[in-house]
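This report refers to the structure that appears directly beneath it.
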Amino acid sequence: MSWISQHRRMLSAPCLALAAGLFWPAMSAAATQAPVASHDRTPAAVYRSACQSCHGPDGRGIPQSITALPLEVPDFSDCNFATREPDGDWLAIIHQGGPARGFDPLMPAFGEALTEEELALALAHVRTFCGNRKAWPGGNLNLPRTLFTEKAFVEDEVVVTASIAVEGDPAIASKIIYEKRFFSKGQFELVVPLGFKKPEGGDWSTGLGDVILGWKQVLFHSLRSGSILAASGEVILPVGDVEGGFAQGVMAFEPFVSFGQALRGDSFIQAQVGGVLPSDTERAARRAFWRVAAGKSFAQSRWGRTWTPMIELLGFEQFKDGEEAHYDLVPQFQVTLNTRQHIMANFGVRIPLDKPGTRSTQFAFYILWDWFDGGLRDGW
Ligand code: HEC
C-alpha cells in the first residue's frame, strides 16, 4: 500500500479530518482529538479547527511543500473561482467529502463530525476569503440553463443544441455555442448554427447558418434578494448558406435583457426580452421576442444528481403587416450527467400554441459542458 493510499484511508475517518495543526504528519498524530469545541461556534472558529490545517488561515491553501499532499488545495481567495461555485455544491463536498463532486477523497467528509449548522458556519467563513465579493455575481444566482430563455449569469461553457422537427420533412437545426467569461461581469459568446434537412424525395443536405457574436454584461446582482439582471448585444453575421435555405443572409443586431430570480426551495423564474434589428428590412423583418421560464431543482438523495423540470413560454412577433404574435410552450427537464455536475443535458418539446398546422412541433435538447469546472472526462 502506498503512502498516499494509507493516508487517504486514514483521512476518511471524520475525526482525523478535523485534526488541527499545520503539518500533515502532525494531523495523523492527532487522529483521536475532537478539535471542534462546541462552545465556540463562530464561522472563523469552526473553520480554524476543521479546515485551516489544509486550506490555510487565509484560504489560499497550505503549500504542498508543507502539507506533503499529492495535490494542491484550491485557493478560496481567488474570487473568479470561489464566487461562481454555488453553496449547494460546496455543502455537498463538505458534508460528503471530495468524491461527492468527483474530487479527491483527500478532501474529507465532515457530515458526521460537524452539525449542519457548523458546516454552514465553515462555509460562511470560506466565503469571506474573496475580498471583493460584492463585485462578483455569486454562484447561487447561476440558475439552470433553459432551452431558449438566455440566462443572466456569465459562464465558461460549451453547449451543443438541437431542435428536431417531429412533423413534416425531416429537419434538424443545431447550434454550437461557446461562452467565455471576462472580468467579474462580462461574457463573450460565439454561436455557430448548423442545419440538416431532407426534403421530400431528396437527400439529406447540410449548411452553415448565420454566425452570431455577442457580449453579455451583468448590470445588477444580489445574493440577498436572489436576483440577477444582464444586458446583451449580439451581431448576426451574414455568412451562412442562403441558397441552401439555412440562413437569412442579412446582417442584424440583437439587443436583449435577461433576468433571473432564485426563489425558495431551489425554484426560480427567468425572463428575457429583446429584438432583432436587420440592416436590410426589405429582406428580413424586424422582430421582438419575450420568453419566461419557471422551474425547480431536486437533488437525488440530497447530495446527488440534480433534476430540474422547467417550463418556458416563448412569444415572438415579426413587424410585418397583418402579422400577429406567436406563442410556444416548452416543457423540459435538465439533468446533471456526471458526479462533478459540470456536464448536463436538457430535453424538451416545443409546442406551438397558435395557428395549428403552420409551425411544426419540435423536440429540443442540449448537452452542456461547464469547462471551467473540469475537462470532459473529469468528475464522472
Ligand atoms: C485534510 C485536508 C483538508 C481538510 C481538513 C479540509 N479540506 Fe477541503 N479540500 C482538501 C483538498 C485536498 C481539496 C481539493 C480536492 C481536489 O481538488 O480533488 C479540497 C477541496 C475543498 C472544496 C472544493 C473546492 C472546489 O474545487 O470546488 C471545498 C469547498 C472545501 N475543500 C472546503 C473545506 C472546508 C469547509 C473544510 C472544513 C470544514 C475543509 N475543506 C477541510 C483538503 C482538505
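Counting starts at 1 for both ligands and their atoms, following the listed order.
An N or O contact shorter than 3.5 Å is missing between Ser53 and ligand 1 by distance. Here's the thing with Trp90: one of its N/O atoms is less than 3.5 angstrom from an N/O atom of ligand 1.
Put simply, no part of Leu123 is less than 4.0 Å from ligand 1, judged by heavy atoms. Residue contacts with ligand 1 do not include Tyr47, since none of its heavy atoms lies under 4.0 Å from the ligand. The closest approach between a heavy atom of Gly98 and any atom of ligand 1 is not below 4.0 Å.
With a 6.0 Å cutoff to the six-membered ring centre and a 45° limit on the axis angle, Lys198 does not count as a cation-pi contact of Phe196. A cation-pi contact links Arg291 to Phe289, judged by a cut-off of 6.0 Å to the six-membered ring centre and 45° from its axis. Taking the ring axis of Phe183 as reference, the NZ or CZ atom of Lys185 does not stay both within 45° of it and closer than 6.0 Å to the ring centre. Arg84 forms a cation-pi arrangement with Phe372, by the criterion of a distance under 6.0 Å to the ring centre and an angle within 45° of the ring axis.
Near Cys54, meaning under 4.0 Å from any of its heavy atoms, are these atoms of ligand 1: 1 (C), 2 (C), 3 (C), 4 (C), 5 (C), 42 (C), 43 (C). Distances below 4.0 Å separate heavy atoms of Ile94 from the following atoms of ligand 1: 32 (C), 35 (C), 38 (C). Every atom of ligand 1 with a heavy atom of Met107 under 4.0 Å away is listed here by number and element: 6 (C), 7 (N), 8 (Fe), 9 (N), 10 (C), 11 (C), 13 (C), 19 (C), 20 (C), 21 (C), 30 (C), 31 (N), 32 (C), 33 (C), 39 (C), 40 (N), 42 (C), 43 (C). Near Val73, the atoms of ligand 1 lying under 4.0 angstrom from a non-hydrogen atom of the residue are 10 (C), 11 (C), 12 (C), 42 (C). Listed by number with element, the atoms of ligand 1 under 4.0 Å from a non-hydrogen atom of Pro74 are 13 (C), 14 (C), 19 (C), 20 (C), 24 (C).
Relative ring orientation between Phe363 and Phe365 is described as tilted, the plane-to-plane angle lying within the 30° to 60° band. Using a 30° and 60° split on the angle between ring planes, Trp290 and Tyr327 fall in the perpendicular class, above 60°. Between Phe347 and Phe333, the ring planes are tilted. Angles from 30° to 60° get that label.
With respect to the salt-bridge test (charged N to carboxylate O, under 4.0 angstrom), the residues Arg101 and Asp89 qualify.
Under 4.0 Å from ligand 1, the heavy atoms of Phe110 that appear belong solely to its side chain. The backbone and the side chain of Cys51 each have at least one atom closer than 4.0 Å to an atom of ligand 1 (non-hydrogen atoms only).
Atom 8 (Fe) of ligand 1 lies under 2.8 Å from an N, O or S atom belonging to His55.
In terms of heavy-atom proximity, Phe153 sits nearest to Lys216 at O-NZ, 3.0 Å.
The residue among Thr67, Ile93, Val126 with a heavy atom at the shortest distance from atom 23 (C) of ligand 1 is Ile93.
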